[in-house]
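Here is the structure we will look at.
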Amino acid sequence: MRHVAIVGSGPAGYYTAETLQKADDIAVDVIDRLPVPYGLIRTGVAPDHQSIKAVSRRYEGTAMADNVRFVGHVSVGTDVAIDELVELYDAVVLATGAPDDRPLGIPGADLPGVIGSAAFVGWYNGHPDFADLNPPLGAAGVAVIGNGNVALDVARILAKTPAEFAGSDIVAHAREQLAASAVRHIHILGRRGPHQIAMTPKELGELGHLDRASPRVDPADLPPEGDDALLEPGMRKSVTHLRSFAANPVAKPVTIDFDFFAMPLAIEGDGHAERIVVERTTLDAELRSHGTGETYTIDAGLVISCIGYQTPPVPGVPYEHGRGRFANDDGRILPGLYCVGWARRGPSGTIGTNKPDGARIAEMVLEDVGRGAGKAGRPGLDVLLASRGVTPVTFADWRRIEAAEVAAALDGNPREKFVSVEAMREVIGR
Ligand code: NAP
């Protein structure tokens, strides 16, 4: 029997389990620190993007296979050490994603009212760590830093009316606080230009169809139209959206301004964020941004930095600081220890990118472990956890939590999520 532990039950974890599970004589444990599975699908993908979230049905199929087990509410590093897992299992795969924000590193970044996207996205998605965030939504201005898809998610969620959340699984606290929000002017700050955005066309196009909000692009920021021919097709489509926003400004009560060539310099305010100072930039031949010395100020009671994520380092596990991921040779970290997904590649790519990634790492693991080394595996973990008084949440437990969430949903919504670990555990009676 081969024993494999996967740490993290998000897309990378379940795609890896999906391939492993098809092999003979294998037992796969998918361990997660939360009592609920699916990682970024549940707490990262925007609540109004239900079609993307639907991929969890596929992971459910894997989770319910006889040789796969969900080991929920077990924290690796606290309840069990990585070294202990490596002792117990033939292979341990870290599929822990990249849950930490890259630091903004400018003066004022630690003021109240300056929030990283991990916290803000976690808040509207009901991640227990961020349920009490209470982002300040009392000022008209908000600055969203970054030109990626997370910046788009954040701006769209801030701009939507309560009615536009119909059919979503945005959590009650976010629904209520956003409904009372005073936010009217959202600025999306990109330190480079329209041809350097990391936004995909579908997501960008959505901004053009909001009830009370309209996107605004300064035509002067756009490169000559002929230059678009040099872009790859997806980027060309995205830039076409920006051109359309610039050409057809629509007056609506909420504005979403694209501030291109705008590098955040400092966040200022009297004890909390009130404004952000921005320096205009130009690009060099390598398309890197450089400050011009010209600055301007945007009123912002809330600043959300969406500048990418990083994997938290784990003591004893080699780490690549510059890239915010585990140091690895194509997925291999140390003998018996692997990584997959964002923990391996860094935080880029869509959910689907993790499918071939997971399959490849699984094949590598199967080749490396051969027929297995007679390790204690699953029963060994159970003995260790029991000795520490830790009772894992099973997949059957999760299905009871899920059923309670579905039962509590508003009409037309898929679920009303529990936002605390205590509430989740209460459903299963322990
Ligand atoms: P991202 O795509 O890497 O974008 C990060 C943005 O932050 C870039 O525009 C980058 O600009 C900017 N940035 C980085 N450091 C900065 C700094 N110090 N100051 C100002 N700007 C800075 O990251 P993301 O938006 O977090 O998305 C992560 C991944 O998830 C991406 O692959 C994304 O496509 C995916 N995602 C997909 C969806 C979807 O498909 N619906 C939704 C959300 C996320 P530079 O280019 O100048 O470095």
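Numbers here are sequence positions counted from 1. Nothing here was measured: the structure is a model prediction, and the numbers come from that model. In each ligand, atom 1 is the first atom listed, and ligand 1 is the first ligand listed.
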For Ser348, counting its heavy atoms only, list the atoms of ligand 1 lying under 4.0 Å from any of them. 32 (O)

Atom indices of ligand 1, in the order listed, that fall short of 4.0 Å to a heavy atom of Pro347: 28 (C), 29 (C)

Is atom 41 (N) of ligand 1 less than 4.0 angstrom from at least one protein heavy atom? yes

Could you tell me the residue and atom name of the protein heavy atom closest to atom 4 (O) of ligand 1, and the distance to it rounded to 0.1 Å? Gly148 CA, 3.6 Å

Does the distance from a Lys or Arg side-chain N to an Asp or Glu carboxylate O, for Glu422 and Arg425, drop under 4.0 Å? no

Would you say Tyr14 and Tyr38 are linked by a side-chain donor-acceptor pair, where the criterion is simply a distance under 3.5 Å? no

Sidechain N-carboxylate O distance under 4.0 Å for Asp129, Arg33: yes

Closest to atom 24 (P) of ligand 1 (heavy atoms only, candidates Val150, Ile106, Ile307) is Val150

Heavy-atom proximity to atom 39 (C) of ligand 1, picking from Glu203, Glu206, Arg345, points to Glu203

Check whether any side-chain heavy atom of Arg399 sits under 4.5 Å from a side-chain heavy atom of Met64, and report yes or no. yes

Sidechain-backbone polar pair: Arg236 side chain, Asp228 backbone, donor-acceptor under 3.5 Å: yes

Min over Gly146, Cys306, Ala198, Pro103 of heavy-atom distance to atom 5 (C) of ligand 1 lands on Cys306

State the atoms of ligand 1, each with its element, that fall below the 4.0 Å cut-off from a heavy-atom position in Trp342. 29 (C), 30 (O)

Taking 4.0 angstrom as the limit, do Arg175 and Glu416 come out as a salt bridge? yes

Taking distance alone, with no angle check, do Gly349 and ligand 1 share an N/O pair under 3.5 Å? yes

Strictly inside 4.0 angstrom of atom 10 (C) of ligand 1, do you find any protein heavy atom? no

Do Met199 and His241 have side chains that approach each other closer than 4.5 Å (heavy atoms only, starting at C-beta)? no

Does this structure show an ion pair linking Asp330 with Arg344, if we count only N-O contacts that are shorter than 4.0 Å? yes

Compare His49, Arg191, Met199 and give the one whose heavy atom is closest to atom 15 (N) of ligand 1. Arg191

Under the criterion side-chain hydrogen bond (donor to acceptor under 3.5 Å, both in side chains), I'd like the reasoning laid out for Thr200 against Asn149: C-alpha separation, chi angles, the key distance, then a yes or no. CA-CA 7 Å; Thr200 43; Asn149 280 329; 3.0 Å; yes

Proximal atoms of ligand 1 relative to Asp153 (non-hydrogen, under 4.0 Å): 42 (C), 43 (C)

Closer than 4.0 Å to some heavy atom of Ile145 - which atoms of ligand 1 meet that? 20 (C)

Quick check: does Asn149 get an N/O under 3.5 Å from an N/O on ligand 1? yes

Please say which of Asp368, Asn328, Thr16 ends up in a side chain to side chain donor-acceptor pair (under 3.5 Å) with Tyr338. Asp368

Mark yes or no for whether Asp257, through its side chain, and Pro215, through its backbone, hold a donor-acceptor pair below 3.5 Å. no

Name the closest protein heavy atom to atom 23 (O) of ligand 1, giving the residue it belongs to and the distance to 0.1 Å. Gly308 CA, 4.1 Å

Please identify which atoms of ligand 1 are closer than 4.0 Å to at least one heavy atom of Arg192. 45 (P), 46 (O), 47 (O)

Does the N or O separation between Asn147 and ligand 1 drop below 3.5 Å for any pair? yes

